[in-house]
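Below, chains carry the letters A, B, ... as their sequence lines are ordered, and counting in each starts from 1. Please read all numbers here as calculations on a predicted model, not as lab measurements.
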Number of protein chains: 2
Amino acid sequence: MVGNRIHIIIVAAGSGRRFGQPLPKQFCPLNGRPLLMTTIERLYSAYSEAELTVVLHPDYESMWIDECRAHAFNIKARIVHGGATRWHSVKNALDSLDAAQDDIIMIHDGARPCVSQTILKRAAEAVMSGKDAVVPAIPVTDSLRRTTNGGGSEIVDRSRYMSVQTPQAFKASTILEAYRLGFNEAFTDDASIVEASGICTVSIVDGDPANIKVTHPIDIGIASLILSVQY
Amino acid sequence: MVGNRIHIIIVAAGSGRRFGQPLPKQFCPLNGRPLLMTTIERLYSAYSEAELTVVLHPDYESMWIDECRAHAFNIKARIVHGGATRWHSVKNALDSLDAAQDDIIMIHDGARPCVSQTILKRAAEAVMSGKDAVVPAIPVTDSLRRTTNGGGSEIVDRSRYMSVQTPQAFKASTILEAYRLGFNEAFTDDASIVEASGICTVSIVDGDPANIKVTHPIDIGIASLILSVQY
């Protein structure tokens, strides 16, 4: 059986300059404590036996440890330091794992605190049943335009597009091999790194519109609202 | 000067079978009254002199009139009946207007109640300053995948894509001519209808991440939260 063990990497290494708040978004208060705690807690509630690794910017490591103590947050998550880009951060985490070839490695954005057990299990179970690389995705609801080489833009058929979320799930040997092949700044998610490597194709499972990525300050309140409805 | 008068068409003709609630989303309660009232009120607050036209499914017209009476909602908006598709609904509204060639016609989704004065004026003023067709758009924040002809999917470069919102603003002669050219079911917004007509290119102005389209039931609560922060 594929997937003796599940490793979950939580990417939270941003220094948050784009968020417009004093703290990077993963540390902003959500229901009274750093948002990242909710993310970790919800992943843990789905797979309490999983090995959790959180990738942090070194400047925020001691603050995180202090916050965990202050909030009596006791879910064990190994800390790995982030790198210059998201790719380098995930690479550091992968290099730190003691993973067997047929383990499952999942990678999740720290800034998606509304992740559900359902979506996490859906992605993991797709790998258990033989897929190499699995991403959750949802339909695009707004119309989409694409910039053209001439500086203008053109409409595209949105029914052919999907918004990609995390957690993304991989057979360990697949994601480890894909990251061995090196850095390309065009990649914005892990599945595309696997895809570009040519190792395997990417499978889609249903995502969840409630699984938002906190991007703007208002999204913290939106996440709180979603969590209040879900539980 | 272009834009002696401003006409705003609010498209709210859906019968809402996809929303999963007893009522179509535009009539669901937002802060205690049908969502559509907030949309209309916010458009009116930006351009109180504009002529408002709301497109409704005929089955809901009497309910809307009753609700307006019950909530003492007195902003005047002409009612036009919707058609079989969004295109037909907008066409009905355009046909009902008494618009001069150089008036401004704006088209807005009834299900975007968080529309701001800023975004409305930004789009209108771009037409006043000489653009023929203007849409607000925001960067795409999730990674995007596109389905391929073989049934799979592939990553695309999300930095080249924008999410298109409403209100969309047009020189009257432009949008009226574009709709004279007939129906194509591939169109999901009015700017793409203008673009396909070949009459002019489409200009982009900055959209607003808070200008959400209510798509899922949770979005009603999210809209209420956004409105509580904005005012």
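Between chain B and the residues A/A191, A/S153, A/S159, the largest count of heavy-atom pairs under 4.5 Å involves A/S153.
Interface residue A/R158: only side-chain heavy atoms are found under 4.5 Å from chain B. With a 4.5 angstrom heavy-atom cutoff, A/D189 touches chain B via backbone and side-chain atoms both.
The closest side-chain donor-acceptor pair between B/D95 and B/Y179, if any, does not fall under 3.5 angstrom. Checking A/H108 against A/T166 by side-chain atom types alone, a donor-acceptor pair falls below 3.5 Å. A side-chain N or O of A/H7 and one of A/D103 form a donor-acceptor pair less than 3.5 Å apart.
Of all heavy-atom pairs spanning B/S224 and B/N31, the tightest one is OG-OD1, 2.7 Å. Contact detail for A/A124 and A/I104: the closest heavy-atom pair is O-CD1, 3.7 Å.
Although no hydrogens or angles enter the test, the distance criterion places no donor-acceptor pair under 3.5 Å between the side chain of A/R146 and the main chain of A/E154.
Taking 4.5 Å as the heavy-atom cut-off, the residues of residues 193-207 of chain A that approach chain B are A/E195, A/V202, A/I204, ordered by number.
For B/P29, there are no side chain to side chain contact (heavy atoms under 4.5 Å, CB included) partners two or more places apart in sequence or in a different chain.
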